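Structure record follows, encoded as C-alpha cells.
This structure is a prediction, so every number in the text was calculated from the model and none was measured.
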Amino acid sequence: MAGDILRVQGGKPLRGEISVRGAKNFVSKAMVASLLTEETSVLRNVPLIRDVDVVTQLLRAHGVEVEHDKQAGILTITPGKLRLPDPAEINSVAGSSRIPILFCGPLLHVLGEAIIPDLGGCHIGDRPVDFHLAVLEDFGAERHEKEFGLHLQAPRGLTARKVHLPYPSVGATEQTLLAAVRARGVTELTGAAVEPEIMDLIVVLQKMGALITVDTDRTIYIEGVERLHGFRHTALADRIEAGSWACAALATKGDITVRGARQEPMMNFLNVFRKIGGQFDIYDDGIRFWHPGGKLHSLPIETDVHPGFMTDWQQPMVVALTQAEGVSIVHETVYENRFGFTRALNQMGAHIQVYRECLGSKRCRFGRENYYHSAVIQGPTALKGADIEVPDLRGGFSHLIAALAASGESNVAGIDIINRGYEHFMQKLFQLGAQVEKISA
C-alpha cells in the first residue's frame, strides 16, 4: 500500500448535512481563461482541492498574481506581465495534471508560445492530446518536439478554422473555446461537448467580451475578438461530488443533505437515484438524499455525454447497486478502463463481472477494441471490510463508499488522491458520523 491510509469502521449509516462548492471540472478552466486578459478576474465558490492548488502554482509560474481567500472561496487573479517558465518548473508543479495543455491557447495569444510537459492524469482510459494539438496547429501554431515535451509557437497569431469533433470531448471543446475567442475570424465547432461545466465556461468567456453562440445540434460559433477583459463569476456547484455523496447515502442506508447541489444539472442522476429506490427532496439551496428503507431495485445504466448519465457518477452508483435486488447492468461508453475499481469491491464480497461486449444500446467509443467496459452486478451482497488501495479519483471515492457500507474494518490506502476533487472530505465524513481515522504510512 502507498500513501496515507484511512481506517474505516463501516456498517453505520451516514447522516447529516454537508456542503459542496464549485465544480472541479469548471473552476480550473475558468482560472486558465483569466490568462486571456491583462485585467483582474474574480472567481467565487472555489473549492479547496488539489487541482486548484496546481493551477494556482502554474499561474504564478507564468508571472500571474493570484490571491486566494480560502475561507471565503474567492480567487482574485491578475495576469499582469506573463512570462514562459522553465519547462522543469512546469513539470514540477503540474505533476500528473493534464491542465497545462489548456494553457496553450491563451499563451499563444499573449506570448506567441507555450510549453506542454508530459501529461498525466487518472488512469481510467486513453485521453489522447492529438485533437488538442490538431486544433492549435490548424489555428496556426507550430509544434516543436523537445526533450521536456512540446514547444508551440504562433509567430503570426491564431486564425479561426472549422473544427469538427468526432466525439464530443470536453477537453477538446475547452481547448477550442480558449483558442478561438481571440483568433482572427469565426470558428465553427461541430460535435461539441455541452456539459454544464462547458456552458459555465462559455458564460465566463462572454462576461469577458467573447462572442459565442451555441446551437441545439452541438454546434458552437465563436467570433474572435481582439481584446478581452476581466470577469467576476460564481462557479456552478460540483454535480459529481453531490452525486457521490448521494450514492454514499444510498449504499449506507443513510440520509445526507448536500447544500449547494442543484437539480437542473443532476436531472438524469436524480431519475436513476429514484428508480433504484432512493428518495430526495429539492431545496432552494441544496438536495436531501436518503434511503427510505426496504429493498433497492436493480436496473440498467449506460453512461453518456451530457445530457446523459455522466461517467463520473457511474463508479459510486455501482457501489450502491451492489445493495440492489437482482441483476444490474452498467455499460460504460465514455472511458474504456473505468471498471478496474470493481476488483476491490469483489474482494469485499460484491458479485461483479466485467465484459468486453457492449451490454447496452448506446453508441460506444470502443466496443470493438477489446476493453472490459460493461459490468453485471448481482445483488444484494453483504460487503465486508478489507485492505484496498485507491486506483483513481472517482474509483477511490467509490472504494471509500464501499468501506463505509461494509461491516467490519477496512484500510483504504492512497486516499490523498481524493483531495484532487473532494474538498474537506475527511471533515465531511466526520460531520456525517463516519468512524474513520487517518493513519500516516
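With no hydrogens or angles considered, no side-chain donor-acceptor pair links R338 and Q314 at under 3.5 Å. No side-chain donor from either of T257 and R288 sits under 3.5 Å from a side-chain acceptor of the other. Side-chain atoms of E302 and H331 form a donor-acceptor pair, as typed in the model, at a separation below 3.5 Å.
Between F231 and H233, the angle of the ring planes goes over 60°, which puts this pair in the perpendicular group of the 30/60° scheme. Ring geometry, F269 versus F289: the interplanar angle exceeds 60°, so the pair is classed perpendicular (tilted spans 30 to 60°).
Checking side-chain atoms of Q323 against main-chain N and O of T381 turns up a donor-acceptor pair under 3.5 Å. Without hydrogens or angle criteria, T187 side chain to A180 main chain gives no donor-acceptor distance under 3.5 Å.
Pairs of residues two or more places apart, or lying in two chains, that qualify as side-chain hydrogen bond (donor to acceptor under 3.5 Å, both in side chains) and include a residue from residues 19-42 are R21-E423, K24-D51, K29-E174, E39-R227, T40-T78.
Partners of R343 according to the side chain to side chain contact (heavy atoms under 4.5 Å, CB included) rule, which considers only residues two or more places apart in sequence or in another chain, do not exist here. When the ring pair (Phe, Tyr, Trp, His ring centres under 6.0 Å) test is applied to F103, the partners found at least two apart in sequence or on another chain are H62.
With values rounded to the nearest 0.5 angstrom, Q315 atom CD is found 10.5 Å from I240 atom CD1.
Around NZ of K384, the count of heavy atoms belonging to other residues, nucleotides or ligands within 6.0 Å does not exceed 12.
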